[in-house]
Amino acid sequence: MASESGKDGTEGAEKPRAKADSGAAGTALRESAAKGSAKKGVAKKPSARKSASTEQAAAAGKTGGKRPPTTAPKAAAKKRTAAPRSSSKAATVPAEEESTEKKTTAARKKASSDTKTAAQSAVPGSGEATAEAPTDTRAKAAPKKAAKEPAATDKPGAAKGTARKQTAAPKAQKSTRRAPLPGPEIKRAPKKSIEKTTTHEKLETAEQKEVEDGRRPLDGIRVLDLSRLLPGPYASHILASFGADVIKVEKPGEGDYMREYLPQTQGFNATFLTINRGKRSISLDLRKPAGKEVFRALVERSDVVLDGFRPGVMDKLGLGYQALGEINPKIIYAALTGYGQTGPNAQQAGHDLNYLALSGMLDLLGDAQGVPLVPGIQIADVAAGALPTVIGILLALQHRNKTKAGQLVDISMFDSLLGLMPVQIANYTATKRRPKRGQERLFGRYACYNIYPVRNGRFMVVAALEPKFWAGLCKAIDREDLIQDQYVEGHAQDILIAELTRIFQKKQVDEWMEIFAEVDACVTEVREISRSVQDDHVAQRGLITPIRGKDGEVYEQLGVFPKLSDAPGYIAGDAPLRGQHTRQILRSLKYPAKQIDEMVAAKVVEESGSTGGKG
């Protein structure tokens with residue numbers, strides 16, 4: 001549009017110049033020829049000139065004034081053409097050099113004018129300020145006169161407002177989007193907006209469920225929990241969530257020392273608080289005869305004893321399975337240990353990492369060329385300890401319903417770890433081939449079941465084992481040529497893994513999640529726990545549950561699973577102080593208050609108030 005305005009200014013200058021000096025006709029003809037050649041180079045967009053006039057008329061109509069006259073640019077052009085006539089240099093320059101110089105000047109002015117006014121030509125209403133602006137830099141005064149014309153209209157500020165819009169609009173149109181990396185253009189699925197439930201709304205729902213659902217599956221079942229730390233207490237926590245009355249039997253002066261670990265919340269260690277909610281605590285010295293008497297009285301009225309000591313410890317105290325079975329033939333005695341009640345390793349001490357190492361599981365964790373990795377979770381304690389303990393107790397309770405007899409449940413974390421590797425154990429026993437870390441079908445051997453880094457330093461997981469999932473993945477990344485290579489072997493598979501690594505590194509996790517949102521391909525992001533617990537799915541499933549503490553504050557903890565439709569579990573009550581319920585439990589056993597005081601004084605039992613602290 002700016003080049004069209006410059007052409008109009010040139011035509012207006014040639015006519016008065018011919019009338020004023022006929023003696024300069026030759027020069028005027030040469031100038032006209034030069035201008036005409038420049039005019040041919042810029043007059044290829046008649047629609048732009050038309051839009052400029054249309055925009056100019058529209059702007060004049062908006063301000064209530066007339067279209068600005070063209071006499072001012074013509075007068076300016078007359079002054080501009082007077083200078084060459086009086087210059088001796090203009091008369092002595094050869095026609096060819098003058099024409100060449102003017103062509104070069106016209107081209108430079110055109111490029112400069114196009115750059116300055118490109119943004120203005122795209123803004124509606126900008127024609128009024130630019131339509132009559134000459135390209136020649138010697139006619140700078142002309143646009144000022146044209147711009148001042150609307151000052152006499154009914155709205156003096158209209159022209160200024162238009163000028164502000166002209167300068168502001170290009171800034172608003174700037175894009176901050178990052179330039180895409182080379183590669184196939186992939187369409188994104190639209191984001192879904194899910195309404196999140198507030199903490200207090202979830203709390204009200206949980207509390208209402210507790211009132212309305214009535215009896216739970218294990219209501220009426222009493223468990224005496226002698227275990228400490230994680231595996232045993234987590235098992236009894238699951239039982240308590242479904243109705244069992246769990247009594248922690250703790251050693252006076254010591255108890256479950258996980259209470260003191262960091263981090264602390266509500267006066268307890270965070271994990272202790274989570275896995276001991278709703279339980280009661282009696283602090284009882286089982287080494288003293290009076291303490292043993294109290295424990296036997298509890299066994300007579302209980303259903304399950306959960307022992308977390310090494311094999312033989314309770315037998316030495318006279319409180320093993322055989323002795324307690326004589327007191328209560330229906331008692332279920334669950335003994336949770338590292339290596340079981342029998343075998344050469346039965347008395348060996350150990351922790352989670354030891355059991356993983358000896359079971360062979362640790363050797364399978366990590367890269368093919370690296371060292372085994374220390375897992376970030378307690379696999380043996382939870383998956384091979386707590387959960388099998390719950391399964392064993394429930395099976396024994398079901399058996400008791402049929403036979404009216406209790407039994408010993410021997411849970412070994414080492415045994416259970418082998419049970420967590422059915423594929424690997426079965427393959428080895430059938431072929432006698434040792435599985436190799438990072439080179440098995442489900443351990444990094446194939447591109448269709450692997451982990452890939454992405455652009456922002458995080459990771460994506462591909463688990464497209466079935467051909468239909470692999471095909472969906474290849475189509476989503478616009479690489480259908482890879483569908484046939486899913487299970488190629490050797491170096492070809494290494495190339496395929498490298499190609500998927502290159503593709504996934506082009507985008508960030510959020511971009512990939514949008515792409516695969518509607519694709520059934522088993523592709524997911526690798527989340528941190530901080531993001532996982534805030535997921536809408538977790539909230540709707542009630543896996544993170546709001547709890548009201550003793551101080552009235554609401555905080556969140558791990559919820560209850562599995563989900564039962566007719567008798568769901570729920571969390572009730574606070575985690576206990578050591579010996580917090582000692583007197584209450586002794587009273588339920590018909591011990592008189594005086595005898596209880598004597599046992600407290602003799603340190604047979606301990607109350608939380610007598611510990612001088614939080615217990």
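Residues: numbered from 1 along the sequence shown.
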Surrounding [atom1] of [X] (heavy atoms of other residues, nucleotides or ligands, distance under 6.0 Å), is the total greater than 12?
{"X": "R541", "atom1": "CZ", "result": "no"}
{"X": "Q439", "atom1": "CD", "result": "yes"}
{"X": "I451", "atom1": "CD1", "result": "no"}

Whether the side chain of [X] engages the backbone of [Y] through a donor-acceptor N/O pair (distance < 3.5 Å, no angle test) should be reported.
{"X": "R259", "Y": "P576", "answer": "yes"}
{"X": "D285", "Y": "G291", "answer": "no"}
{"X": "N328", "Y": "V299", "answer": "yes"}
{"X": "S588", "Y": "I585", "answer": "yes"}

### Query
Are V533 and E556 close enough that some pair of their side-chain heavy atoms sits under 4.5 Å apart?
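A side-chain contact is absent here, since even the closest heavy-atom pair is not under 4.5 Å.
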
### Message
A side-chain contact here means heavy atoms from C-beta on lying under 4.5 Å apart; do F469 and L465 qualify?
### Response
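Side chain of F469 against side chain of L465, heavy atoms only: no contact under 4.5 Å found.
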
### Task
Please check if any side-chain donor atom of Y446 sits under 3.5 Å from a side-chain acceptor atom of E489, or the reverse.
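A pair is found: one side chain offers a donor N or O, the other an acceptor, under 3.5 Å apart.
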
#### Entry: Ring-face cation of K563 near F561 (centre distance under 6.0 Å, axis angle within 45°)
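The answer is no, since K563 fails at least one limit relative to F561.
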
### Query
CD of E440 to OH of Y449: how many Å apart, nearest 0.5 Å?
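One finds 13.0 Å between CD of E440 and OH of Y449.
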
### Message
Under 4.0 Å between a side-chain nitrogen and a carboxylate oxygen: does that hold for R578 and D256?
### Response
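Judged by the 4.0 Å cut-off on N to carboxylate O distance, R578 and D256 do not form a salt bridge.
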
